[in-house]
Q: 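Structure incoming, see below.
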Amino acid sequence: MHFLGRLISITISYSLFIALIERAYTIFIRLYFSKVQRKSKGVLTTARPVEDIQTLHAFDYRAVEPIKYRPFAKKQHVTMGIKKSTKQDWIRIDRNYLERTALRKKLLAEHTDICVGTSETANPAVRELYEEIMLDLLPKRFPSMFGIKGDMFHNLANGTRHCISSALQDHASMLRHLAENVEEDFYFMVPDAQDEFVLQGFVACFPQGLLPSAKVGMSVSEIHKPVPGYEGRLKKGVNRCFERMERGQSVGRLNWAIQSNHSQLFLPFDGANTIKTDDSPCAKAEFDPSASFLRAEHHTLTCLPRTGTIVFAVRSYLTPLTEIREEGSGLTLAEACDSMPEKFGIYKNRPTWGQRVCAWLREEDSATDKHDLRASPTTNPSGSCPFAQSREPDTSASCPFAP
């Protein structure tokens, strides 16, 4: 009996040992294949499954209201706030489509060097993005607006068309065709030999406080240097987001700012995130609530399946502050403006508009306030900001990746 007991004990111990070995082997195999699939900085070398695109057969952009993004919230700290996204939500189209794309075409003609830039490093990703959006997403998602017949891409909304094979011969042409057919701006962050993601190309018709050509060749960390507090937790979060992006994966986030006294979308030298001096025209101009806006940006980061380049897409929305107050969100927005950390508030240019805007949003504009807020000779009657046209390029201006 004693021998039998020892035999049973040995058998149980052996079984437990084998089970532990099998468990350890399983974990090792999972980790190994996970590591094999990734580059050293975490980007998958194998593409994710092709994502199904839901076709909007009866889509009428003229009846679609712009998305009412209200990303402001009372926070004492700054975060990226990313969420998973899908390819079919990459491009947004609404009733402003014809007006916005016409403006983009005009800007491309007048400011080509500012709006378009590419390089040998970015060119493979430029072609991949062109094929992803122009040849796949748009005709599948919006067949009532876009179609391909033979070698021609047709925009049925504005009646334009272009030759696909000709566009594929020139990367700058691909970027221009992208910009003329969608409202999103695109920045190409290409991994280098050290697996740092570096800005190598762009098409940006609606930049805000950013001269893209001045940032080409900069890594994600270098571009973010103007952001107060970036070197702390935010830097780790941004790097982790880029490192963990899988090929074919998309994530989205929102950004917002107050755009005081004008409705311009093209602001390469002057934006809500551009610190202004006390003697600048925008700083001197009296606050005009009827010409001021909440500028919300929907950001999408997508890791292209073939090249592994991360494309940063920015879609800009302008909502009049009068609409924000009328819908009852004025107090919430004022609290969000007030709650910005001091340095971040300066970065967002709060000193030039904060007191006046927040008082108006709270409906505290008394008779005395109204007298102070009357238009002065320095106010541009057209509602545009003269500083945007006169300022010299500022390489320290803000970046589209900033919160």
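Basis for what follows: all heavy atoms, side chains included, without hydrogens, waters or symmetry-related copies.
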Q: Is the closest side-chain heavy-atom distance between Phe269 and Ile114 below 4.5 Å?
A: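 The answer is yes; the side chains approach within 4.5 Å.
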Q: Can you tell me how far CG of Leu333 sits from CD1 of Ile324, rounded to the nearest 0.5 angstrom?
A: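 Taking CD1 in Ile324 and CG in Leu333, the distance rounds to 6.5 Å.
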Q: Looking at every non-hydrogen atom in both residues, tell me the closest pair between Gly345 and Pro351 and how far apart they are.
A: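 Smallest interatomic distance, heavy atoms only, reads O-CD, 3.8 Å.
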Q: State, with a plain yes or no, whether a side-chain heavy atom of Lys68 is found less than 4.5 Å away from one of Thr319.
A: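 Lys68 does not reach Thr319 side chain to side chain.
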Q: Around atom CD of Glu120, are there more than 12 heavy atoms of other residues, nucleotides or ligands at under 6.0 Å?
A: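 No - once you tally the heavy atoms of other residues, nucleotides and ligands closer than 6.0 Å, there are 12 at most.
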Q: Does the pair Arg141/Glu132 count as a salt bridge with the N-to-O cut at 4.0 Å?
A: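 Looking at Arg141 and Glu132, the cut-off is not met.
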Q: Could you measure the distance from the CG atom of Leu129 to the CH2 atom of Trp90? Nearest 0.5 Å is fine.
A: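 Leu129 CG to Trp90 CH2: 5.0 Å, rounded to 0.5 Å.
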Q: Between Asp288 (side chain) and Asn261 (backbone), is there a donor-acceptor pair under 3.5 Å?
A: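 Flag not set: sc Asp288 to bb Asn261 has no pair under 3.5 Å.
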Q: Do Glu196 and Pro191 make a side-chain contact, defined as non-hydrogen atoms from C-beta onward lying under 4.5 Å apart?
A: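 Result no, sub-4.5 Å side-chain heavy-atom pair not found.
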Q: Heavy-atom distance under 4.5 Å between the side chains of Ser292 and Trp360, does that happen here?
A: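 Ser292 does not reach Trp360 side chain to side chain.
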Q: Considering only heavy atoms from C-beta outward, does the side chain of Leu138 approach that of Ile91 to under 4.5 Å?
A: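 They are in contact (side-chain heavy atoms under 4.5 Å apart), so the answer is yes.
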Q: Are any of the side-chain heavy atoms of Phe188 and Asn123 separated by less than 4.5 Å?
A: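 Not touching, per the 4.5 Å side-chain cut-off.
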Q: How many angstroms lie between atom CG of Asp94 and atom OH of Tyr61, to the nearest 0.5 angstrom?
A: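 Asp94 atom CG to Tyr61 atom OH measures 11.0 Å (nearest 0.5 Å).
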Q: Pick out which of Arg350, Arg362, Gln355 makes a side chain to side chain donor-acceptor pair (under 3.5 Å) with Asp338.
A: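 Testing each of Arg350, Arg362, Gln355 against Asp338, the sole residue satisfying side chain to side chain donor-acceptor pair (under 3.5 Å) is Arg362.
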Q: For Val314 and Gln208: C-alpha separation, side-chain torsions, deciding distance, then whether side-chain contact (heavy atoms from CB on, under 4.5 Å) applies.
A: CA-CA 10 Å; Val314 181; Gln208 181 199 180; over 6 Å; no
Q: Do the side chain of Glu128 and the main chain of Arg306 share a donor and acceptor less than 3.5 angstrom apart?
A: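 Checked: pair present.
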Q: Hey, are Ser250 and Ser85 close enough side-chain-wise for a donor-acceptor pair under 3.5 Å?
A: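 Their side chains do not contain a donor-acceptor pair, so the 3.5 Å distance test is not met.
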Q: Indicate the ring-plane relationship of Phe344 and Tyr347, choosing parallel, tilted or perpendicular according to the 30° and 60° boundaries.
A: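 Ring orientation of Phe344 relative to Tyr347: tilted.
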Q: Could you tell me whether the side chain of Arg104 reaches within less than 4.5 Å of the side chain of Glu180, counting heavy atoms only?
A: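 Answer no - side chains too far apart.
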Q: Will you find, in the side chains of Glu327 and Ser329, an N or O donor that is under 3.5 Å from an N or O acceptor?
A: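 Yes, because at least one side-chain N or O of Glu327 sits under 3.5 Å from a partner of the opposite role on Ser329.
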Q: Over all heavy atoms of both residues, which pair between Leu178 and Met134 is shortest? Give the atoms and the distance, please.
A: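 Of all heavy-atom pairs spanning Leu178 and Met134, the closest is CD2-CG, 3.8 Å.
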Q: Return the orientation label for the His162 and Tyr130 ring planes: parallel under 30°, perpendicular over 60°, tilted otherwise.
A: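 Geometry flag for Tyr130 against His162: tilted rings.
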Q: Is a side-chain N or O of Lys84 found less than 3.5 angstrom from the main chain of Gln249, in a donor-acceptor match?
A: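 The answer is no, because no donor-acceptor pair under 3.5 Å joins these two groups.
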Q: Is any side-chain heavy atom of Phe206 closer than 4.5 Å to a side-chain heavy atom of Leu107?
A: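 Yes, their side chains come closer than 4.5 Å.
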Q: Looking at CZ of Arg100 and CZ of Arg95, how far apart are the two atoms once the value is rounded to the nearest 0.5 Å?
A: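 Result: 9.5 Å between the selected atoms.
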Q: Step by step, would you call Gln88 with Ile53 a side-chain contact (heavy atoms from CB on, under 4.5 Å)?
A: CA-CA 6 Å; Gln88 68 180 22; Ile53 297 174; 4.3 Å; yes
Q: Kindly compute the distance separating CG (Asp185) from CZ (Phe312), expressed to the nearest 0.5 Å.
A: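 Asp185 CG to Phe312 CZ: 10.5 Å, rounded to 0.5 Å.
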Q: Looking at Glu297, His298, Glu183, which hits side chain to side chain donor-acceptor pair (under 3.5 Å) with Arg315?
A: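 By the side chain to side chain donor-acceptor pair (under 3.5 Å) criterion, Arg315 pairs with just one of Glu297, His298, Glu183: Glu183.
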Q: Would the distance check show the side chain of Glu246 and the main-chain N or O of Cys303 forming a donor-acceptor pair, the cut-off being under 3.5 Å?
A: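 No: the side chain of Glu246 does not pair with the backbone of Cys303.
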Q: Would you say the side-chain atoms of Glu222 pair up with the backbone N or O of Ser219, donor to acceptor, closer than 3.5 Å?
A: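 It does hold such a pair.
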Q: Could you check whether atom CZ of Arg161 has more than 12 heavy atoms from other residues, nucleotides or ligands sitting under 6.0 Å from it?
A: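 Open: at most 12 neighbouring heavy atoms sit under 6.0 Å from CZ of Arg161.
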Q: Just do the side-chain contact (heavy atoms from CB on, under 4.5 Å) check on Leu321 and Phe287 with the steps written out, would you?
A: CA-CA 11 Å; Leu321 290 187; Phe287 169 60; 4.3 Å; yes
Q: If you count every heavy atom of other residues, nucleotides or ligands that lies below 6.0 Å from Asp113 atom CG, does the total exceed 12?
A: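 Not more than 12 within 6.0 Å, no.
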Q: So which heavy atom on Lys348 is nearest to which on Asn255, and how close?
A: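 Answer, listing the atom of Lys348 first, then Asn255: NZ-OD1, 3.2 Å.
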Q: Return the minimal non-hydrogen interatomic distance between Ala122 and Gln200, and the atom names on each side.
A: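 That would be CB-O, 3.4 Å.
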Q: Report, as yes or no, whether the 6.0 Å neighbourhood of atom CD on Glu65 holds more than 12 heavy atoms from other residues, nucleotides or ligands.
A: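 Count over threshold, so yes.
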Q: To check you understand the geometry: which heavy-atom pair defines the closest contact between Arg92 and Ile67, and what is its length?
A: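 Here Arg92 and Ile67 meet closest at NH1-CD1, 2.9 Å.
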Q: Testing the basics here: between Thr322 and Ser290, what is the closest heavy-atom pair and its distance to 0.1 Å?
A: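 That would be CG2-CA, 4.1 Å.
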Q: Just do the side-chain contact (heavy atoms from CB on, under 4.5 Å) check on Phe72 and Cys337 with the steps written out, would you?
A: CA-CA 8 Å; Phe72 46 84; Cys337 294; over 6 Å; no
Q: Working to the nearest 0.5 Å, report the span between CG of Asp170 and CZ of Arg127.
A: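 Going from CG on Asp170 over to CZ on Arg127, the span is 12.0 Å.
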Q: Taking the ring of His177 and the ring of Phe153, is the distance between their centroids below 6.0 Å?
A: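 Aromatic pair excluded; centres sit 6.0 Å or further apart.
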